Amino acid sequence: MPGPIPTPVAPPPDILRCAYMELVVTDLAASRNFYVDVLGLVVTEEDSEAVYLRSIEEFIHHNLVLRRGPVAAVAAFSYRVRSPQELDRAAAFYTELGCEVRRAPEGYTRGIGDSVRVVDPLGFPYEFFYDVEHVERLAWRYDLHTPGALVRLDHFNQVTPDVPRAVKFMEDLGFRVTEDIQDAEGTTYAAWLRRKPTVHDTAMTGGDGPRMHHVAFATHEKHNIIAICDKLGALRLSDRIERGPGRHGVSNAFYLYLRDPDGHRVEIYTQDYWTGDPDNPVVTWDVHDNQRRDWWGNPVVPSWYTEASPVLDLDGVPQPVVARTDTSEMAVTIGADGFSYTRPEDDDALPSWKQGEYKLGHQL
Ligand SMILES: [Fe+2]
């Protein structure tokens with residue numbers, strides 16, 4: 001495995017929040033149907049090559065770009081910074097690390113001004129921008145809201161082989177850890193990192209990477225997520241539901257995981273907690289705690305652990321994937337070698353009828 005990423009002398013850019021993801025999709029009409037007609041994202045602008053979508057409370061041009069392309073992948077994890085000057089800092093920070101850095105005064109996508117794109121030391125395509133076209137914030141347009149309205153972009157989730165290495169780099173970039181999953185042997189399986197004062201702007205999930213695990217949009221309430229499930233059932237699209245709905249242990253949020261027509265994973269997420277104090281306590285979960293991923297103890301499906309989207313370099317070429325060498329969370333919690341408990345003080349693992357649900361091939 002590669003060694004630690006050095007801390008640059010150059011200060012990191014002051015990042016405000018995750019702002020949008022650029023997804024490459026193979027069937028633009030099918031993806032537009034899923035994100036607009038089914039999930040209700042708002043079209044800001046579109047042409048034959050791309051659709052620019054935003055959530056109900058957003059005032060910047062977009063939170064999601066669907067771009068037609070040959071391979072389903074992620075072209076950019078894009079973050080807004082505090083001022084135009086922060087772009088110089090971003091360029092200097094990544095240049096010092098030897099990363100590929102490109103700058104486009106007109107921006108790389110419609111609605112976005114001067115921006116910097118990099119391939120970061122973990123292999124992910126990151127973008128930073130400040131200048132952006134403002135559009136109508138539809139928060140008060142209740143005549144347009146649907147029962148499952150997506151109100152904000154909440155976070156990204158990235159798959160990377162070495163989570164501690166990724167966390168150290170993200171801390172150098174100015175992120176703070178809010179929660180993580182570890183075991184008694186010192187292996188870290190995942191970590192949640194924030195700039196805005198929620199549980200995260202992105203998470204690092206241990207696995208073969210770099211890959212994109214999911215992009216998450218927030219609803220106002222739990223019932224909005226139930227409404228999305230009901231709508232998917234009514235449309236005979238229940239096979240878009242991969243996992244949930246449920247309550248996370250990590251983040252305490254209510255969740256639902258969907259797969260789009262290309263298999264890109266989308267989370268619908270609501271009601272995590274404030275993390276903005278400087279002494280916000282970090283929550284560490286035991287990997288064997290059966291309530292860490294689902295507070296009600298419902299099983300995590302194997303596909304959720306193993307499948308993720310490729311990410312592209314700045315020329316649009318899929319990045320090579322490096323295998324995780326640390327223990328996998330799925331291996332230590334599911335199947336013959338897995339062990340999970342509900343009450344840490346009990347000697348017994350899960351009851352036999354429940355253990356079976358966690359074994360590969362035992363899901364009905
Ligand atoms: Fe998530």
Side-chain angles (χ1 to χ4, degrees), residues 17-21 23 35 39 41 55 63-64 74 77-79 122 124 148 150-160 163 166-167 170 175-181 188-207 209-222 224-225 228-229 240-260 263-275 282-285 287 291-296 298-309 311 329-330 333:
R17 57 164 167 144
C18 61
Y20 78 91
M21 179 174 281
L23 277 181
Y35 287 101
L39 292 183
L41 287 175
S55 52
N63 299 126
L64 184 68
V74 175
F77 299 77
S78 186
Y79 292 85
L122 305 172
F124 292 96
L150 305 183
V151 296
R152 289 184 293 280
L153 174 71
D154 193 87
H155 62 266
F156 308 136
N157 189 307
Q158 305 168 237
V159 186
T160 192
V163 174
V167 165
M170 292 301 284
F175 284 72
R176 298 174 65 119
V177 173
T178 56
E179 303 201 21
D180 61 14
I181 295 176
T188 303
Y189 295 87
W192 284 257
L193 298 133
R194 66 115 181 145
R195 285 293 303 175
K196 65 179 160 58
T198 63
V199 169
H200 56 324
D201 288 277
T202 194
M204 293 292 169
T205 297
R211 293 183 297 162
M212 187 278 285
H213 194 272
H214 62 265
V215 57
F217 289 90
T219 62
H220 278 144
E221 303 280 351
K222 296 181 283 292
N224 305 120
I225 292 182
I228 292 169
C229 296
R240 293 262 172 254
I241 299 175
E242 182 186 35
R243 184 185 154 204
R247 168 81 69 188
H248 282 310
V250 172
S251 81
N252 198 28
F254 204 81
Y255 73 88
L256 172 70
Y257 292 99
L258 307 174
R259 303 293 288 271
D260 84 0
H264 295 307
R265 185 179 292 105
V266 182
E267 182 181 15
I268 317 298
Y269 178 97
T270 191
Q271 299 173 348
D272 61 354
Y273 58 92
W274 167 263
T275 60
V282 175
V283 179
T284 292
W285 296 80
V287 73
Q291 296 189 182
R292 75 200 182 289
R293 290 284 185 187
D294 184 284
W295 189 241
W296 308 330
N298 279 326
V300 178
V301 293
S303 62
W304 191 92
Y305 282 123
T306 59
E307 296 178 11
S309 299
V311 301
E329 184 172 342
M330 186 173 81
T333 58

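Whatever order the structure lists them in is the order used to number ligands and atoms, beginning at 1. None of the values given here were measured: they were computed from a predicted structure.
Judged by distance alone, the side chains of Trp304 and Glu242 never bring a donor and an acceptor atom under 3.5 Å apart.
Distances from the Fe ion (ligand 1) show that His214 has an N/O/S atom below 2.8 Å. The nearest N, O or S atom of Asp154 is not closer to the Fe ion (ligand 1) than 2.8 Å. Because the distance cut-off is set at 2.8 Å, His155 qualifies as a neighbour of the Fe ion (ligand 1) through one of its N, O or S atoms.
In summary, the aromatic rings of Tyr305 and Tyr189 are positioned with their centroids too far apart to meet the 6.0 Å limit.
Closest non-hydrogen pair, His200 versus Arg194, comes out as CA-CB, 3.8 Å. Of all heavy-atom pairs between Asn157 and Ala203, the closest is ND2-CB, 3.5 Å.
Per residue Glu267, closest N, O or S atom to the Fe ion (ligand 1): atom name OE1.
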